[in-house]
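Everything below concerns the one structure shown next.
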Amino acid sequence: MKPRIQFALCLSIIISLMITLTPVHAITTDYLSEKIIQAKFSYIYVFQNKFDISSGGKATVEVYLLANGIDQAKIVANLQQYKNGAWQTIKTWSSIRNGASCGLSESRYVVSGYSYRMVSYGYAYIDGDIVESDSYVSDNIFY
């Protein structure tokens, strides 16, 4: 084999190995004016979260989970208020669905003068067993 062909072949093998062995990191993008974190797990590949409080005090939580190869998905979203030096859950919503996806969108009016946040959890199930989970804590919003 000619040296030039050997060099090209070696170079293409090295580049191929570099591409396939490069680790995949979490991808952050923008959706619904809020952060979406897509973690690269074995099953869960989308776990989207949005938390907002309107000028009138309406707190809205939106959570969506999508996974591969599972038979059931579950989401739990907690609305928390910072009061007396600690975060206290004031409302919990949950949704469980057969299949590979699950979502929820809920609202509740909150009292002014406090900080609020959302803490959510996503679960992927196969045959009734949790095979993977993820969690999210939103930024604090003072209302």
Side-chain angles (χ1 to χ4, degrees), residues 4-143:
R4 185 173 261 191
I5 294 173
Q6 285 178 327
F7 176 76
L9 182 61
C10 287
L11 185 61
S12 65
I13 291 171
I14 291 170
I15 291 172
S16 296
L17 286 172
M18 289 174 59
I19 290 171
T20 58
L21 297 177
T22 302
V24 178
H25 298 283
I27 300 170
T28 303
T29 183
D30 191 33
Y31 176 79
L32 299 175
S33 302
E34 194 63 28
K35 295 177 185 171
I36 299 172
I37 299 177
Q38 298 176 342
K40 300 301 178 187
F41 297 130
S42 297
Y43 299 95
I44 297 172
Y45 65 94
V46 174
F47 188 50
Q48 299 174 347
N49 293 269
K50 180 186 178 195
F51 174 61
D52 191 37
I53 301 177
S54 71
S55 60
K58 185 177 183 180
T60 301
V61 300
E62 295 178 8
V63 185
Y64 179 70
L65 180 134
L66 184 60
N68 278 326
I70 65 167
D71 50 40
Q72 199 169 55
K74 180 179 179 181
I75 291 171
V76 177
N78 298 303
L79 175 61
Q80 296 185 336
Q81 177 188 63
Y82 192 75
K83 188 174 183 180
N84 298 325
W87 287 103
Q88 301 173 10
T89 299
I90 58 173
K91 181 66 179 175
T92 299
W93 296 277
S94 64
S95 179
I96 189 163
R97 299 275 189 267
N98 290 328
S101 67
C102 187
L104 67 80
S105 178
E106 300 288 346
S107 298
R108 177 186 175 135
Y109 284 92
V110 294
V111 179
S112 63
Y114 296 95
S115 287
Y116 295 90
R117 72 180 184 182
M118 174 186 67
V119 178
S120 64
Y121 303 93
Y123 303 96
Y125 293 84
I126 296 177
D127 296 328
D129 294 324
I130 296 174
V131 292
E132 206 162 73
S133 64
D134 198 4
S135 63
Y136 172 83
V137 180
S138 73
D139 291 335
N140 305 340
I141 298 176
F142 183 82
Y143 172 72

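Considering only residues two or more places apart in sequence or on other chains, Glu132 meets the side-chain contact (heavy atoms from CB on, under 4.5 Å) condition with Phe41, Ser42, Tyr43, Ile44, Ala124. For Ser55, there are no side-chain contact (heavy atoms from CB on, under 4.5 Å) partners at least two apart in sequence or on another chain. In this structure Thr60 satisfies the side chain to side chain donor-acceptor pair (under 3.5 Å) test together with Ser107, sequence neighbours excluded. Ser105 pairs by the side chain to side chain donor-acceptor pair (under 3.5 Å) definition with nothing, not counting sequence neighbours. Residues forming a ring pair (Phe, Tyr, Trp, His ring centres under 6.0 Å) with Tyr109 (at least two apart in sequence, or on another chain): none.
Taken from CG in Asp134 to CG in Asn49, the straight-line distance is 8.0 Å, to the nearest 0.5 Å. Going from atom OG of Ser135 over to atom OH of Tyr123 covers 8.5 Å, rounded to the nearest 0.5 Å. Met118 contributes atom CE, which lies 15.5 Å from atom NZ of Lys91 (distance to the nearest 0.5 angstrom). Taken from OG in Ser54 to CD1 in Ile141, the straight-line distance is 10.0 Å, to the nearest 0.5 Å.
Contact detail for Ser95 and Gly103: the closest heavy-atom pair is OG-O, 3.5 Å. Nearest heavy-atom pair, Ser101 versus Tyr64, reported as atom, atom and distance to 0.1 Å: CB-OH, 3.6 Å. Nearest approach of Gly122 to Phe47, heavy atoms of both residues: N-CZ, 3.6 Å.
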Side-chain donor-acceptor distances from residues 68-82 under 3.5 Å, at least two apart:
| from | atom 1 | to | atom 2 | distance (Å) |
| --- | --- | --- | --- | --- |
| Asp71 | OD1 | Asp127 | N | 3.4 |
| Asp71 | OD2 | Asp127 | N | 2.9 |
| Gln72 | NE2 | Asn98 | OD1 | 3.0 |
| Asn78 | OD1 | Thr92 | OG1 | 2.7 |
| Gln80 | OE1 | Arg117 | NE | 2.7 |
| Gln80 | OE1 | Arg117 | NH2 | 2.9 |
| Gln80 | NE2 | Thr89 | OG1 | 3.2 |
| Gln81 | NE2 | Tyr116 | OH | 2.9 |
| Tyr82 | OH | Gly85 | O | 3.3 |

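Taking the side chain as every heavy atom from C-beta outward, Tyr45 and Leu66 approach each other to under 4.5 Å.
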Applying side-chain contact (heavy atoms from CB on, under 4.5 Å), run through Leu65 and Val46 and close with a yes or a no. CA-CA 6 Å; Leu65 180 134; Val46 174; over 6 Å; no
